[in-house]
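A short write-up of the structure that comes next.
Note that these values count all heavy atoms, side chains included, but never hydrogens, waters or copies made by symmetry. The shown structure was predicted, so the numbers you read here are calculated from the model rather than taken from an experiment. All chains are named by letter (A, B, ...) in the order of the sequence lines, taking the proteins before the strands, and each is independently numbered beginning at 1.
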Protein chains: 2
Amino acid sequence: MPEKPELDFPRPLTTVDVVIFAIRSDALQVLLVQRPRAEGEPFPGSWALPGGFVDIAGDRDLEACAARKLKDKTGVVSPYLEQLGSWGSATRDPRGWSATHAYFALLPEHAAGGALAADAQWFAVEGEKVRPKLAFDHAEILHAAVQRLRSKVEYTSLPAYLMPPEFTLPELQRTYEIVLDRALEKSAFRTRMLAADLIEPVARMRKGPNRPAQLYRLKRAKAPVFFARTFNPPG
Amino acid sequence: MPEKPELDFPRPLTTVDVVIFAIRSDALQVLLVQRPRAEGEPFPGSWALPGGFVDIAGDRDLEACAARKLKDKTGVVSPYLEQLGSWGSATRDPRGWSATHAYFALLPEHAAGGALAADAQWFAVEGEKVRPKLAFDHAEILHAAVQRLRSKVEYTSLPAYLMPPEFTLPELQRTYEIVLDRALEKSAFRTRMLAADLIEPVARMRKGPNRPAQLYRLKRAKAPVFFARTFNPPG
DNA sequence: CATACTTAGTTGTACAGTCCAACTATATTA
DNA sequence: TAATATAGTTGGACTGTACAACTAAGTATG
């Protein structure tokens, strides 16, 4: 019973990892970084989630640490960032008992192409996995992140944070469909999206191979909107 | 950029805290412990969430650590236990940069009366707070736990884990109402509960000041069931 | 012992939102 | 000018909730 803590109580290694999602090339993608090959590094050369040790001198708190790591790898300053959970055990890092605080971030496509770090690269999410074998327990964390994303997409407006500043309703629906990997009903989608009061029409229209499409933008900044019902699969 | 970690990288203090809920005396209550008054202890005598340092020698992982702390304070071995999130910053603990992994647990009333630790005591949750001023940032963690509980109750079967092994539908509804702090519609509640396929009738009936009430029990072990819709407030 | 009361559980109607398919409208392309 | 593709609308079928009225059965009261 460590109810009499000492400051010398052995401390786990503490890291923060960020699962960064974006829609690129009509697919859900996640940003991975390649582990350094320096001596003493675990999983040299493996792909891993962006992250690393908490800097107790520089990081004010966990979220600031996650935002810093995100900015280091992508240049993006303030996307949607949500805490995912934490993973800690004696065995997940060969260097000893370690705990990571995992976050997940959503980037709009236009922001995802920017100032990528040299060791970073986008990978398509296939099912709930990614092609390369990931370092540490990062496959498990990614799995949880995809599940959380998919589950929240069912009843919130989260995918709106994957969109550019202005977008059409069909574009938004396509984003939902990519994340859910499932077709959605056009008119029900429209009704619910407008009822959710999250997006508002802007004056301009987008011209395409069809009639002019109304452009929308996000109304609020950060709060995902909850729907009354989940999306039921058509058919 | 701590991409070249050293094992000597300064580590935050790492703790696990557990928000333990139960329905007692027809109210939502939470278990708190009184901080020791020993020298060097922060917040001496204050009430706090049960928790403490991770024992990297004894704890296999974070959840095992949370379960251990829960058992220490309540004697209960395997109730519903879910990760809530983590809180870490330079300022939340006067001893230095610290991060806590917070869990929340649901105890059935009959288990909540058991082998309480000497320093532990139940407090009613009023609104999203508790009467005494809590140590550290535990008021914020409690707030998050109550919100998570209330929000999940809207669309899952979580409150079933606050029930004794066998219970009637009206008793289950009362538990929902206590957690939500709102009256629910009898027939809609019944329909949804039965449709959720989470509980099953047992042969026996409970006699009361009314007609015999059908007893039910949980069907599955740990998975909360999601409802298609939230409970809409009557009126 | 009869009656009133209380609560468990059912029934039926109104209503809201989704599913689905068919329809209209308009820009692009041939 | 006509065919085509996509944006967006409309209306009927269906599902599940809200709400209130109802039935049933045990308890309390005189």
Assert yes or no for the condition that the ring centre distance of A:Trp87 to A:Phe136 is strictly below 6.0 Å. no
State which of C:dT18, C:dA8, D:dT17 makes the closest approach to the side chain of B:Thr191. D:dT17
Can you tell me the distance, in whole Å, between the CD atom of B:Glu171 and the C1' atom of C:dG9? 15 Å
In this structure, how many angstroms lie between the P atom of D:dA20 and the CZ atom of B:Phe189, rounded? 19 Å
Integer-rounded Å distance: D:dT17 P and B:Leu184 CG: 12 Å
B:Gln214 side chain reached by B:Pro201 side chain, heavy atoms, under 4.5 Å: yes
Strictly under 6.0 Å, is that where the ring centroids of A:Phe167 and A:Tyr216 end up? no
In whole angstroms, how far is the P atom of D:dG8 from the CD atom of A:Glu185? 15 Å
Checking side-chain polar atoms at under 3.5 Å, does A:Gln83 have a donor or acceptor matched by the opposite partner on B:Ser86? yes
Between the protein and nucleotides 9-12 of chain D, which nitrogen or oxygen pairs come in under 3.5 angstrom?
{"from": "D:dT9", "atom 1": "OP2", "to": "A:Arg190", "atom 2": "NE", "distance (Å)": "2.3"}
{"from": "D:dT9", "atom 1": "OP2", "to": "A:Arg190", "atom 2": "NH2", "distance (Å)": "2.9"}

Roughly how many Å is it from CZ in B:Phe167 to C1' in C:dT7, rounded to a whole number? 19 Å
Candidate nucleotides C:dG9, D:dA7, C:dT26, ranked by approach to the side chain of B:Ala213 - the nearest: C:dG9
D:dG16 phosphate, OP1 or OP2, under 4.0 Å from B:Arg192 side-chain N/O: no
Taking side chain to side chain contact (heavy atoms under 4.5 Å, CB included) as the definition, give me every residue that meets it alongside A:Arg148, ordered by chain and number, with sequence neighbours left out. A:Glu82, A:Leu84, A:Phe104, A:Lys152
Got a sec, which residues hit side chain to side chain donor-acceptor pair (under 3.5 Å) with A:Glu109, two or more places apart in sequence or on another chain? none
Once you round it to whole Å, what is the distance between P of D:dT6 and CG of A:Leu215? 18 Å
Among C:dA21, D:dA7, C:dG9, the nucleotide that comes nearest once only the side chain of B:Gln214 is considered: C:dG9
When you compare the side chain of B:Leu49 with that of B:Val18, does any pair of heavy atoms fall below 4.5 Å? no
Nearest to side-chain heavy atoms of A:Pro212, which nucleotide of D:dA18, C:dT18, C:dT26: C:dT26
Counting side-chain heavy atoms from C-beta on, which of C:dG9, C:dT18, C:dT26 comes nearest to B:Leu169? C:dG9
